[in-house]
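In each ligand, atom 1 is the first atom listed, and ligand 1 is the first ligand listed.
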Amino acid sequence: MSRTVLVTGGNRGIGLAIAQAFAKQGDRVAITHRGSGAPDGLFGVQCDITDSESVDAAFAAVEAELGPVQVLVANAGVTDDTLLLRMSEEQFTRVLDTNLTGAYRCAKRASAKMLRAKWGRMIFISSVVGLSGGAGQVNYAASKAGLVGVARSITRELGTRNITANVVAPGFIETDMTAVLSEERKAEILKSIPAGRMASPDEVASVVTWLAGDSAGYVSGAVIPVDGGLGMGH
Ligand code: NDP
């Protein structure tokens, strides 16, 4: 059965791979972008997830075109790394406002329609860093750890209504976000990954489409690492 899927930040990187994987299996897929436009074959809505009016308008546009969102993939996220001593409060709150509060805004907007339909899937894209921490990433790690609390609380609130909420925690994936790492840092990271390589965005997408499907209906409140063994299951 084809479903209406919304992927935030689905215009590039991991989000785009996720959106394309859903489209390939026949779902109706919408993505958010902040002005880049939509990639071919996907329905695009402009949305800044730090602004609840913008989130509301994006959901309304998706509903008008494709119907209520049945699968939400809260993927959009940013980094702004620096050591704690140098991290300004603005740097901390800006990353939290996008990665954590942004996911809350989308989940809240999606939940009303999911409750009415008595079916829904919410998938939050966290990070291995949310569970293990990362030097220079107090803001990012806090935001990504927070998603675990969000998904688990939603599971408790909405579990009886056929609504699941799960977290996917990628390790190092080849996208614009990791392209900025120095070769030195990349070599260092590779040494710590049991798989000995970074992953392609498609390897995250396949886990997300599985979580959204009927066969994963009894999986909720889970954190699923996609990290080549880096976090050893955490
Ligand atoms: P990219 O930097 O390639 O893409 C980030 C996406 O988020 C873009 O689509 C961007 O939109 C969107 N975005 C950022 N801020 C906002 C905002 N305020 N409102 C709406 N959209 C926004 O990242 P990746 O594809 O690498 O990462 C995707 C997710 O996966 C992120 O949450 C990231 O933290 C997580 N992740 C990534 C890992 C990696 O190794 N790459 C590892 C672990 C987790 P725009 O194009 O308009 O800027």
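Ion pairing of Lys24 with Asp202 is absent here, as no side-chain N (NZ or NE/NH1/NH2) approaches a carboxylate O to less than 4.0 Å. Ion pairing between Glu89 and Arg94 fails under the 4.0 Å rule for side-chain N and carboxylate O. For Glu174 and Lys186, the salt-bridge test fails: no basic side-chain N is under 4.0 Å from an acidic carboxylate O.
Ordered by chain and residue number, the residues placing a heavy atom less than 4.0 Å from ligand 1 are Gly9, Asn11, Arg12, Gly13, Ile14, Arg34, Cys47, Asp48, Ile49, Thr50, Asn75, Ala76, Gly77, Val78, Thr98, Ile125, Ser126, Ser127, Tyr140, Lys144, Pro170, Gly171, Phe172, Ile173, Thr175, Asp176, Met177, Thr178.
No hydrogens or angles considered: nothing links the side chains of Arg12 and Thr175 as a donor-acceptor pair under 3.5 Å.
Residues Ala165 and Ala151 share a closest heavy-atom pair of CB-O, 3.5 Å. Scanning both residues, Val29 and Ala23, for their nearest heavy atoms gives CG2-N, 3.5 Å.
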